[in-house]
Amino acid sequence: MRPLPPPPTDEYAIQPKDFAFARGFVDESSNRYALHLFYIRHSLWYASTQFDLNEKNIGHTWTTDFNTWQPNPTDTTALTVRPGKFDELHVWAPTIVQRGPTFYMFYAGVREDQEGREHQRIGLATSTDLNTWTPGDDPVLTSPEVPWASKNPETYPGQHLRDPFVMADPVNPGQWLMYFVAVDSLRYPQMAVGVARSLGDFST
């Protein structure tokens with residue numbers, strides 16, 4: 001990839017990645033529900049130069065007609081990296097489900113250890129209005145909890161567990177399934193899709 005020229009200002013071009021949608025509040029002016037869009041804020045500049053400075057936020061915008069997106073300009077922040085937490089380096093791949101009045105956003109957080117290895121873990125944030133999110137301090141799923149996942153692959157230094165997708169279990173009412181991606185220790189360095197089950201509290 002050829003590096004892009006430096007941007008003329010500090011407003012780097014943002015490419016949305018890894019979308020998640022959620023049906024939200026009623027728009028007062030039109031009395032319609034809004035569709036909320038969440039995505040990785042991927043900088044076209046940092047992606048080609050200094051990747052560790054990139055993908056620090058999960059963006060958020062919404063629409064009631066698919067033509068006009070709010071707010072304007074349409075690039076807000078739902079979640080951001082947090083120093084000292086499991087998501088201090090990057091935040092990736094949101095997926096959102098609703099249970100009662102609460103929305104649950106599962107996402108991948110990345111943290112670097114003292115040896116410079118980047119570990120990916122899946123965390124959880126909650127909201128009641130899709131605008132203000134409260135992230136948990138600890139991840140809800142990590143590589144050590146997945147027996148078949150490689151704990152420290154050589155090709156990808158660190159533990160890789162990312163790209164969650166959460167849905168209600170169609171067979172067991174009240175339970176939830178999380179699909180995710182990790183490096184398969186038996187077919188290293190290939191990755192595989194795994195699935196975990198929650199009994200409904202989302203803490204395990």
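As the structure is a prediction and not an experimental result, all values here were calculated from the model.
Residues V166 and V146 share a hydrophobic cluster, clusters being chains of Ile/Leu/Val/Met/Phe/Trp/Tyr side chains in contact below 4.5 Å. If you chain together hydrophobic residues whose side chains sit under 4.5 Å apart, W92 and V81 never meet in one group. Side-chain heavy atoms closer than 4.5 Å link hydrophobic residues (I, L, V, M, F, W, Y) into clusters, and following such links, even through other members, never connects L199 to V171. F86 and V140 fall into different hydrophobic clusters, where Ile, Leu, Val, Met, Phe, Trp and Tyr residues are linked whenever their side-chain heavy atoms come under 4.5 Å apart, directly or through other members. There is a path of hydrophobic side-chain contacts, each under 4.5 Å, that joins V183 to F165.
R121 and H119 form no side-chain donor-acceptor contact under 3.5 Å, judged by distance and modelled atom types alone.
Of all the heavy atoms in Q159 and K151, the pair that sits closest is CG-O, 2.6 Å. The two atoms that bring E145 and T142 nearest to each other are OE1-N, 2.9 Å, heavy atoms only. Contact detail for A20 and P94: the closest heavy-atom pair is CB-O, 3.2 Å. S185 approaches A149 most closely through the heavy-atom pair CB-C, 4.2 Å. Nearest heavy-atom pair across P164 and A108 is CD-N, 4.3 Å. The shortest non-hydrogen separation linking L177 to V195 is CB-CG2, 4.2 Å.
Interatomic distance, H160 NE2 to N152 CG, rounded to the nearest 0.5 Å: 8.5 Å. To the nearest 0.5 Å, atoms CZ (R41) and NZ (K17) are separated by 14.5 Å. Atom CH2 in W62 sits 10.0 Å away from atom CG in L130 (nearest 0.5 Å). Atom CZ of R187 sits about 12.5 Å away from atom OG of S150, to the nearest 0.5 Å. With values rounded to the nearest 0.5 angstrom, R162 atom CZ is found 9.5 Å from D18 atom CG. Rounding to the nearest 0.5 angstrom, the gap separating the CD1 atom in I96 from the CZ atom in F103 is 8.5 Å.
Considering only heavy atoms from C-beta on, L37 comes within 4.5 Å of W69 through its side chain. In this structure, the side chains of L89 and R111 stay at 4.5 Å or more apart for every pair of heavy atoms. Side chains of E112 and E118 form a contact here, defined as non-hydrogen atoms less than 4.5 Å apart.
The side chain to side chain contact (heavy atoms under 4.5 Å, CB included) test with M105 is passed by exactly one of I58, L124, V97: I58. No option in I40, T77, T76 other than T77 meets the side chain to side chain contact (heavy atoms under 4.5 Å, CB included) test with N57. Here the rule is side chain to side chain contact (heavy atoms under 4.5 Å, CB included) with T95, and of F21, Y179, Y104, F106 only F106 fits it.
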Audit row: F25, D129, side-chain contact (heavy atoms from CB on, under 4.5 Å) steps and yes/no: CA-CA 7 Å; F25 63 83; D129 62 5; over 6 Å; no
D87/R82 under side-chain contact (heavy atoms from CB on, under 4.5 Å): CA gap, chis, key distance, verdict: CA-CA 6 Å; D87 52 5; R82 300 176 294 162; 3.1 Å; yes
From CA spacing to verdict: side-chain contact (heavy atoms from CB on, under 4.5 Å), N172, R197: CA-CA 10 Å; N172 300 290; R197 184 189 306 276; 3.2 Å; yes
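Enclosure of atom CZ in R117 by more than 12 non-hydrogen atoms of other residues, nucleotides or ligands within 6.0 angstrom is indicated.
Looking only at distances, a side-chain donor or acceptor of Q98 sits under 3.5 Å from a matching main-chain atom of G100. A donor-acceptor distance shorter than 3.5 angstrom exists from the side chain of T63 to the backbone of T68, with no hydrogens or angles considered. A donor-acceptor contact shorter than 3.5 Å links the side chain of T61 to the backbone of Q70.
The aromatic rings of F38 and H60 lie parallel to each other, with less than 30° between the two planes, well short of the 60° mark. Relative orientation of the F180 and W148 rings is parallel, given thresholds of 30° and 60° on the angle between their planes.
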